[in-house]
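Per chain, numbering begins at 1; letters A, B, ... match sequence-line order. Keep in mind that this is a model prediction, so the values were computed, not measured. What's counted below: heavy atoms across the whole structure, side chains too, no hydrogens, waters or symmetry copies.
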There are 2 protein chains.
Amino acid sequence: MLDDRKAAILRAVVECHIKTAQPVSSAYVAQLGDLSVSPATVRNEMAVLEQDGYLFQPHSSAGRVPTDKGYRFFVDSLSGPAPLGAPQAELVRMFFARAHGEIERMLAETSGLLSSVTDYAAVVVAPSAPEPGRVRSLQLVKLTAHVVLAVAVLGNGAVERRALELPVELTDAQVERASAAAASFQVGATLDKTGDPGPTGDTAVDTLASTALQALRGPEPEVGTSHVFVGGAARMATAFEAVSTIRSVLGILEQQYVLVTLLKDVLDRGLTVAIGTEHGLAPLADCSVVVAPYEVDGERAGTVGVLGPTRMHYDQALAAVAIVSKKLSKALSEGDQGLSPPSGRQRSTG
Amino acid sequence: MLDDRKAAILRAVVECHIKTAQPVSSAYVAQLGDLSVSPATVRNEMAVLEQDGYLFQPHSSAGRVPTDKGYRFFVDSLSGPAPLGAPQAELVRMFFARAHGEIERMLAETSGLLSSVTDYAAVVVAPSAPEPGRVRSLQLVKLTAHVVLAVAVLGNGAVERRALELPVELTDAQVERASAAAASFQVGATLDKTGDPGPTGDTAVDTLASTALQALRGPEPEVGTSHVFVGGAARMATAFEAVSTIRSVLGILEQQYVLVTLLKDVLDRGLTVAIGTEHGLAPLADCSVVVAPYEVDGERAGTVGVLGPTRMHYDQALAAVAIVSKKLSKALSEGDQGLSPPSGRQRSTG
DNA sequence: CTCTGGCACTCGGTAACCTTGAGTGCTAGA
DNA sequence: TCTAGCACTCAAGGTTACCGAGTGCCAGAG
């Protein structure tokens, strides 16, 4: 373990490097005044810190730069998220006051919000399972001879929708009966509830009703199975100097699957912050990730995260991620449609 | 006007510069063999082309680079879009064969497709007006005491949805009656059809039905009024060398409003291609835009476009944009849900 | 035993300088 | 009107020298 002075020096180095992106000299740390020692003493300590793997010297006449291990120590020793700055907090407040039940758009905008609050890129992973809210309405609509659309409106205003292909053509009346049967079975229950409506006497109708319910209960089909919303990718171009870094990071940000896996891995390992190579994605070696899960009706549903340079403002990112995931959980849960009053929404002129 | 030889030289310079991103020398053009003249002759011609503003010399001992005017000439003299490469064409075919009725996701994926086909960034602007398709189903769902959700399923499988706030609480029965009234009035017609269902005898019900219909007919409320889907933004990082350029271009790509305006402006001016500064957006001075509108049921609905460096492969971009907008129009129009059996039928007509 | 001041040393960064060669403009002759 | 030849220009790349930030180490003070 590090003694107090080493820890203080390490923290000073990390903080300075976060600010300046430059190697930090012993003189700077000494002259900081937090601990009254001479640069020489700092140098000695820094030499030890380097041997222990917390610092790294780009070349022999340069200052020190924190290693991933150094950042890890720094993050672990953080007292917790910083309080969010007043303008950012206001932004978050405003945002969720206006939020609405259209889940996809909301998530997309959340990624934008998180990015503008932190000034890094933000990632929001949508729930992969369907919304667990209670079904408020369920309906089968015949689109063409062989295609029926199953539409369910959930308690929080989200709409689940599945297209079904029919092997045999059904009459409008049959589709209607199936629709009624499926609705009377599932409306008022959550999509967790499995089982089929009782037989109507028409096998084709029964099959359709059952198929539709199954489709709605299952995850969305194929294409972009988990949705990922990336906000503020452009900020990564500001965060790095080297074009090659920018390229590889942006490349990763467009690979939804990789992102989902990345965030999931980090969470699965019980981490909130993954620094540098800790997450094992080589192209993101210069990046850190700050993640938090969000919940829908008490169950872990998706993930929000911030992707920034290793030298990111961890305290602020932690704060932003925490508050956004909390508010998002609330906005997505059944009790709160986010449709609450504030400014002029759609309004019935009765 | 340019004589034949000057035009040929200019074309050669543009083509070479598109390939190499380097200034083009007289020797290269001469040795190309298309016109059998010596480098010196080419030089003389190039000097004239420079005076006329078609070419530009970065410094006195460098080759020539085309100006925006030079690119404009090149594009105008293109015989038309190149045939799409076989792998790209296959990609497009596969994509639209699998396409489905969820319009938003489809547009988002279209932007990805267009980007991977062209290797530039792609922009798809969603229709700002609601889908004009016929209403297949319409329903009002009471979410909370004061919030009702109006959901309409359209002929092509798209779902329009509006949240309504009620000044007074209505009973479930009242909402149901309003739902039925609104449905019987609008189902089977397009959302163009205005008017209200006949009076039911309950003013509150009539008001709700009428409000719901109005809301559905109108555009989606506020937030991200026109949706813009950007695909392959990361490719811009590959297209440019200068970090500053990358930054400003990526910045623009995240400003939805600016993008919508940009594409709209270009189209309004009757252009398909806007080169360099022609579009007047300073941060995109090194970029060109290739755009095409797409239609839904015969009416111009949205825009697809490709954003690349000025030295982009115009012929391929033109081809890709054209085919994608055509297929997209078809997929979004009522006749074709795109829900058709995957690899089966795919017309080559359009 | 710990800290500090002093000093020599290291090495990246910058500037000055030179060389190279690609590419031009010009001119005289076919 | 075209072309061959030639002198000229100038970015790019390599070499050298210098500067100075920052270190490591040591000897002496507390």
Side-chain angles (χ1 to χ4, degrees), chain A residues 1-10 12-17 19-67 70 241-243 311, chain B residues 2-10 12-17 19-67 70 240-243 311:
Chain A
M1 211 51 259
L2 299 178
D3 60 57
D4 284 356
R5 196 168 66 184
K6 287 197 184 57
I9 290 177
L10 179 50
V13 171
V14 171
E15 274 164 15
C16 177
H17 185 254
K19 263 188 258 161
T20 66
Q22 297 295 321
V24 182
S25 74
S26 57
Y28 174 88
V29 176
Q31 165 248 346
L32 216 58
D34 286 359
L35 26 82
S36 356
V37 290
S38 76
T41 309
V42 175
R43 274 204 291 281
N44 290 330
E45 297 286 45
M46 288 193 352
V48 178
L49 284 169
E50 177 164 15
Q51 280 187 338
D52 291 354
Y54 292 100
L55 293 179
F56 165 76
Q57 200 172 19
H59 57 88
S60 71
S61 75
R64 287 345 198 267
V65 166
T67 60
E241 274 311 309
V243 188
R311 45 177 289 278
Chain B
L2 298 178
D3 61 56
D4 284 357
R5 196 167 65 185
K6 286 197 184 59
I9 291 177
L10 179 50
V13 170
V14 171
E15 273 163 16
C16 176
H17 185 253
K19 263 188 256 160
T20 65
Q22 297 294 322
V24 182
S25 74
S26 57
Y28 174 88
V29 176
Q31 164 249 347
L32 215 58
D34 285 1
L35 25 84
S36 356
V37 289
S38 77
T41 309
V42 176
R43 275 204 290 281
N44 290 330
E45 298 284 45
M46 288 190 355
V48 178
L49 284 169
E50 177 164 13
Q51 280 186 338
D52 291 355
Y54 293 100
L55 294 178
F56 164 76
Q57 200 172 18
H59 58 88
S60 70
S61 75
R64 297 320 207 280
V65 165
T67 60
F240 296 103
E241 275 311 309
V243 188
R311 44 177 288 279

Given side chains that start at C-beta, do those of [X] and [Y] come closer than 4.5 Å, heavy atoms only?
| X | Y | result |
| --- | --- | --- |
| B/Thr41 | B/Arg5 | yes |
| A/Asp4 | A/Leu35 | no |
| A/Leu2 | A/Leu49 | yes |

Can you tell me if CG on A/Asp3 sees more than 12 non-hydrogen neighbours from other groups inside 6.0 Å? yes
So, is A/Arg5 near the phosphate of C/dT2, with a side-chain N or O under 4.0 Å from OP1 or OP2? no
Check each residue of residues 25-54 of chain A for a non-hydrogen atom within less than 4.0 Å of any atom in DNA chain D, then write out the ones that pass by number, or none. A/Ser25, A/Ser26, A/Arg43, A/Met46
Could you go through B/Met46 and B/Val13, starting from their C-alpha distance and side-chain angles, then the distance that decides it, and tell me whether this counts as side-chain contact (heavy atoms from CB on, under 4.5 Å)? CA-CA 10 Å; B/Met46 288 190 355; B/Val13 170; 4.3 Å; yes
Counting only N and O atoms by type, is there a donor-acceptor contact under 3.5 Å from the side chain of [X] to the main-chain atoms of [Y]?
| X | Y | value |
| --- | --- | --- |
| B/Asp52 | B/Tyr54 | no |
| A/Thr67 | A/Phe56 | no |
| B/Arg43 | B/Ser26 | no |

Can you tell me how far P of C/dA22 sits from CD of B/Gln57, to the nearest Å? 17 Å
Check the distance between C/dT24's P and B/Gln22's CD and give it to me in whole angstrom.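 Rounded to whole Å, this separation is 14 Å.
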At the 4.0 Å heavy-atom cut-off to chain B, mark where contacts on DNA chain D begin and end, going 5' to 3'.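 From 5' to 3', the first and last contacting nucleotides are D/dC2 to D/dA11.
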